[in-house]
A.B. asks: 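Please read through the structure below; I'll follow up with questions.
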Amino acid sequence: MRKNLSPVTLLLAVLLLCFQGSAVAAHAQERSTARVAALLEESGYAYTKAADSVWAVAFEGKSLPKFNVVASTQQDVLVLFTIVAEKKNLRLTPESMQRLLQMNGDLDRVKIGIDKDGDLFVRIDLSIRVLDARELKENIEQVAAATDLVFSAMRPSIATPK
């Protein structure tokens, strides 16, 4: 014989599942944050902590004088990214968009795009589960090198901030 659950029992069961899911996600986030912090220490990079799960590694490029590669954990994923140009300084044309698309295909590992705020970015998403210090370092270097290349190629479309 099958019993129907009361609406209150069903609601409590759903709330309990949501709470457990949130607790698991929070634990995964804490584990990922601790792992990335340890890997950054091991990498030898000088970095600053911008928030609980966000760090910045300063770079100087050949074309872009100073920029940060930002590392941010989102549960089991590490996102390494830079903002190449803010929307207010970016003048996109069909030709510059074509240049970005070609670079997106030419450069290894990285994604090049426009984020929801309209800023030009370079980024890599990595699985923290299999990440070691060497892979972290190689990917930080990849993002930094690609940022400098993208800035150089897009320089005619980027206004100098005043």
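Below, all heavy atoms of this structure are taken into account, side chains as well, without hydrogens, waters or symmetry copies. Predicted model only: the values in this text are computed from it and were never measured.
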A.B. asks: Between Phe59 and Leu64, is the side-chain contact (heavy atoms from CB on, under 4.5 Å) condition met? List the steps.
C.D. replies: CA-CA 9 Å; Phe59 277 89; Leu64 185 58; over 6 Å; no

A.B. asks: Is it the case that one hydrophobic cluster holds both Leu120 and Leu149, taking links as side-chain heavy atoms less than 4.5 Å apart, direct or via other members?
C.D. replies: yes

A.B. asks: Return yes when atom CZ of Arg134 has more than 12 non-hydrogen atoms of other residues, nucleotides or ligands closer than 6.0 Å, and no otherwise.
C.D. replies: no

A.B. asks: For residues Leu39 and Val54: do they belong to one hydrophobic cluster (side chain heavy atoms under 4.5 Å, members Ile, Leu, Val, Met, Phe, Trp, Tyr)?
C.D. replies: no

A.B. asks: Honestly curious: do Ile83 and Val150 fall in one hydrophobic cluster under the side-chain, below-4.5 Å linking rule?
C.D. replies: no

A.B. asks: For the backbone of Gln142 and the side chain of Arg109, can you confirm whether one donor and one acceptor N or O come within less than 3.5 Å of each other?
C.D. replies: no

A.B. asks: Classify the side-chain pair Thr82/Thr147 by whether it contains a donor and acceptor separated by less than 3.5 Å.
C.D. replies: yes

A.B. asks: When you compare the side chain of Leu80 with that of Leu126, does any pair of heavy atoms fall below 4.5 Å?
C.D. replies: yes

A.B. asks: When you look at Ile112 and Val84, which way does the side-chain contact (heavy atoms from CB on, under 4.5 Å) test go after all the steps?
C.D. replies: CA-CA 10 Å; Ile112 302 166; Val84 178; over 6 Å; no

A.B. asks: Can you tell if the side chain of Asp132 reaches within under 4.5 Å of the side chain of Glu138, non-hydrogen atoms only?
C.D. replies: no

A.B. asks: If I compare all heavy atoms of Leu40 with all of Trp55, which pair ends up nearest, and what's the gap?
C.D. replies: CD1-CG, 3.5 Å

A.B. asks: With no hydrogens and no angle check, is any side-chain donor or acceptor of Ser32 less than 3.5 Å from a backbone partner on Gln75?
C.D. replies: yes

A.B. asks: With clusters defined by side-chain heavy atoms of hydrophobic residues (ILVMFWY) lying less than 4.5 Å apart, directly or transitively, does Val79 cluster with Val36?
C.D. replies: no

A.B. asks: Could you tell me whether Lys137 and Glu141 have a side-chain N and a carboxylate O separated by less than 4.0 Å?
C.D. replies: no

A.B. asks: Please tell me whether Val110 and Leu100 are part of a single hydrophobic cluster in this structure, the criterion being side-chain heavy atoms less than 4.5 Å apart.
C.D. replies: yes

A.B. asks: Count the heavy atoms belonging to other residues, nucleotides or ligands that lie under 6.0 Å from CG of Asp117, then report whether that count exceeds 12.
C.D. replies: yes

A.B. asks: What I'd like to find out is whether the side chain of Leu78 reaches to under 4.5 Å of the side chain of Leu136, using heavy atoms alone.
C.D. replies: yes

A.B. asks: What is the distance from atom CZ of Arg123 to atom OG of Ser72, rounded to the nearest 0.5 Å?
C.D. replies: 9.5 Å

